[in-house]
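This report refers to the structure that appears directly beneath it.
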Number of protein chains: 2
Amino acid sequence: MAVTITDIARRSGVAKSTVSRVLNRKTTAVAVSDTTRRLVEKVAHDLNYRPSFSARALNSGKTRTLGLVCGDFQSPYVSEMVAAEMVAAEARGYHVLVSVTQWNPEKELQCLEMLLERRVEGILMLTDVVRPGNEYYEYFKKERFPVVLQECDYSDVSTLTHDCQAGFDEAVAHLKARGHRGVGFVRQEAKPTRDYKMIAFAQACQKHQVAAVTYDCGVTLDCGKEVGWRIARAANRPSALIVYSDYMATGVIYGLRKQGLSIPEDMAVIGMDGTQLGGVYYPPLTTIDVGITATGGAIVDLVLRQVEDRNRAPEQLVLPTRLLVRESA
Amino acid sequence: MAVTITDIARRSGVAKSTVSRVLNRKTTAVAVSDTTRRLVEKVAHDLNYRPSFSARALNSGKTRTLGLVCGDFQSPYVSEMVAAEMVAAEARGYHVLVSVTQWNPEKELQCLEMLLERRVEGILMLTDVVRPGNEYYEYFKKERFPVVLQECDYSDVSTLTHDCQAGFDEAVAHLKARGHRGVGFVRQEAKPTRDYKMIAFAQACQKHQVAAVTYDCGVTLDCGKEVGWRIARAANRPSALIVYSDYMATGVIYGLRKQGLSIPEDMAVIGMDGTQLGGVYYPPLTTIDVGITATGGAIVDLVLRQVEDRNRAPEQLVLPTRLLVRESA
DNA sequence: TTGTAAGCGTTATCAT
DNA sequence: ATGATAACGCTTACAA
């Protein structure tokens, strides 16, 4: 197999522990003679030695690794969020193990199992299978395992959500100011949790006195296309739409256009998430921005707080959203 | 720390080895009495036992893990490719450790180091820092370490490239058939390796007798926007463009439009990669498709072939490309 | 300054 | 059918 500390010890005629000492120069307490040090270092280098993560993890009980569970990478929201979280974790000296479930609940459990077996020190969940009653939820709760559920709001574990209300208020106000009297909301169908976006939408419409309609939509782009197509043909369709994600907004717009509508002339469309890709779409997407980079940083900070102090109480972090006006509405 | 096999042994009054036997029911050779089995299983379940990956890896010398190095996830090409590779690996019983370098050569080496320390059994490289002369290149070569370099063509290690020629030929022929007499190619600037796309483009233009121009472009979307903007204002610009990636094509189109051009009327644009997202762009992107899903599967198969037989000679796999006609050209 | 030995959680090889 | 023990690669007391 790979080169070990024992190989180095043998080759340089010293004990394993001496090699270990040299290789972890940190041990300032005990010193090593310059001669041995140089010798060992040379041998280690010549042999292409690389410490074994598993051996170290086993004996230290630490992995400096976080787990991240997501359904897939299709949507730019997810891939940008994953990237943001990886970068943030890296900056704090942690690695991230990404696990994709392909939206299969069974696989989701396998992913969690695998992360736990690898002894990740904390878990970030972008999917929502973990909820009260669920075996893992109870486990995390009981063990005070550092986990953060994104876009959920249970109180036994830490969560990070976005206050959509402000964003939706701004969005509806913006549409009203542009003369729209009715707004449609394309929501994600079959959400197992409370649909905060939906609620925020309804409240915003009520507050601003504009008529509200909602349309259900699946999670694939094809669903989005079909919904756009259906809305375009509907008898009395609204003149503006808010879609639950930038990704889905592109699908919906595709469907709308297939029916000959122009954006934003015939239909104003506002997305949600604030993905980078929304900015180069045509027309550039007006969107309810959740601040992906900031969110990624905040969630990593949050989980690391728990990692560093397992007795810390769970936190429910709520981040603001704001309307980012571009050209699609 | 976590529950161990020893805890279970103690709690159920049997030896560690018995517990291990029960937990790895595979050991058909030696049997365990039904009573002990049930007892141990119950205790393990009650205690929420989870085997330690590190301990197993240490003891077996296997991790069933592949490493994957990429610059970032910004471009849909990368995120779709990473997803495809993860899914393919998963299907073959391997996990993928993703490591992002943020295009920083120094970090790239750290990523490799980290993957090697974790004893991944093979590495997939989407970036191109590993090349002859490079310390890691020599290491991989010498150790016959299972590694696949994507879009590079050295012969000491396995590589996977795409035969762009067919795709470019089709693309140029398509443009010519639509009446374009000159075609521009937006290439990635400062490629440290031979630029195959560039070469294929030049050949295709020569073959089809159309005038060729090339434009250099950085890797960020902003670079793409600026190049589009510059091309739009150029005195005698071509009427059609091929861009080195779908992602960058969206940036270029953005710039073109800022100058008032319509796509494809004022400028036909062909992207490259065949990303899913290109299909919902507006207008849907005509693109030179590399077949991301198939590529992901092929590359995982390739690296696993090497994993299973370290003495296997490196392979240079070349996959076909084809033109996917949509609406942008 | 350096060596010896125990232990981290598993599995595998012997015994019993 | 089950138990004891060594080994995997490393770190860390403790001795020398």
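Lettering follows sequence order; numbering is per chain, from 1.
A:F53 comes within contact range of no nucleotide atom at all, as no heavy-atom separation falls under 4.0 Å. Within 4.0 Å (heavy atoms only), B:T36 reaches sugar-phosphate atoms of the nucleic acid but no base atom.
One finds no side-chain N or O of A:S60 lying less than 4.0 angstrom from the OP1 or OP2 phosphate oxygen of D:dC10. Under 4.0 angstrom from either OP1 or OP2 of D:dA1 there lies no side-chain N or O belonging to B:S33. For the pair A:S54 and D:dG9, the criterion of a side-chain N or O lying under 4.0 Å from OP1 or OP2 is not met. Put simply, B:R56 has a side-chain N or O that comes within less than 4.0 Å of OP1 or OP2 on C:dT11. Contact annotation: A:T18 reaches the phosphate of C:dG3 (side-chain N/O to OP1 or OP2, under 4.0 Å).
The distance between atom CG of A:N24 and atom C1' of D:dT11, rounded to the nearest whole Å, is 8 Å. Between the CG atom of A:L58 and the C1' atom of C:dA6 there is a distance of 13 Å, given to the nearest Å. A:R10 places its CZ atom 14 Å from the P atom of C:dT4, with the value rounded to the nearest Å. For A:N59 and C:dC8, the CG to P distance is 10 Å, given to the nearest whole Å. Across the protein-nucleic acid pair, B:I5 atom CD1 and C:dG7 atom P stand 18 Å apart, rounded to whole Å. With rounding to whole Å, B:L23 atom CG is found 15 Å from C:dA12 atom C1'. Across the protein-nucleic acid pair, A:D7 atom CG and D:dC8 atom C1' stand 13 Å apart, rounded to whole Å. The interatomic distance linking A:R21 (CZ) with C:dG3 (P) rounds to 8 Å, in whole Å.
The shortest distance between side-chain heavy atoms of B:Y139 and B:L116 falls below 4.5 Å.
For the pair B:A55 and B:V14, both in contact range of DNA chain D, the more 5′-proximal nearest nucleotide belongs to B:V14.
Below the 3.5 angstrom threshold, one finds a donor paired with an acceptor across the side chain of A:S17 and the base of C:dT4. Between the side chain of B:K16 and the base of C:dT10 there is at least one donor-acceptor pair of N/O atoms closer than 3.5 Å. Taking only distance into account, the side chain of A:R119 never meets the base of C:dG9 through a donor-acceptor pair shorter than 3.5 Å. Scanning atom types as modelled, no donor and acceptor separated by under 3.5 angstrom connect the side chain of B:R50 and the base of C:dG9.
In terms of heavy-atom proximity, A:N134 sits nearest to A:V129 at ND2-O, 3.0 Å.
Between the side chains of A:R118 and B:T63, no donor-acceptor pair of N or O atoms lies under 3.5 Å. Side chain to side chain, B:H162 and B:T295 meet the donor-acceptor criterion of an N or O pair below 3.5 Å. Remark: the A:S17 side chain and the A:S20 side chain contain no N/O donor-acceptor pair separated by less than 3.5 Å.
Remark: A:R64 is positioned above the aromatic ring of A:Y94, its terminal NZ or CZ atom under 6.0 angstrom from the ring centre and at most 45 degrees off the axis.
Considering only the side chain of A:T4, D:dG9 comes nearest among D:dG9, C:dT2, C:dG9.
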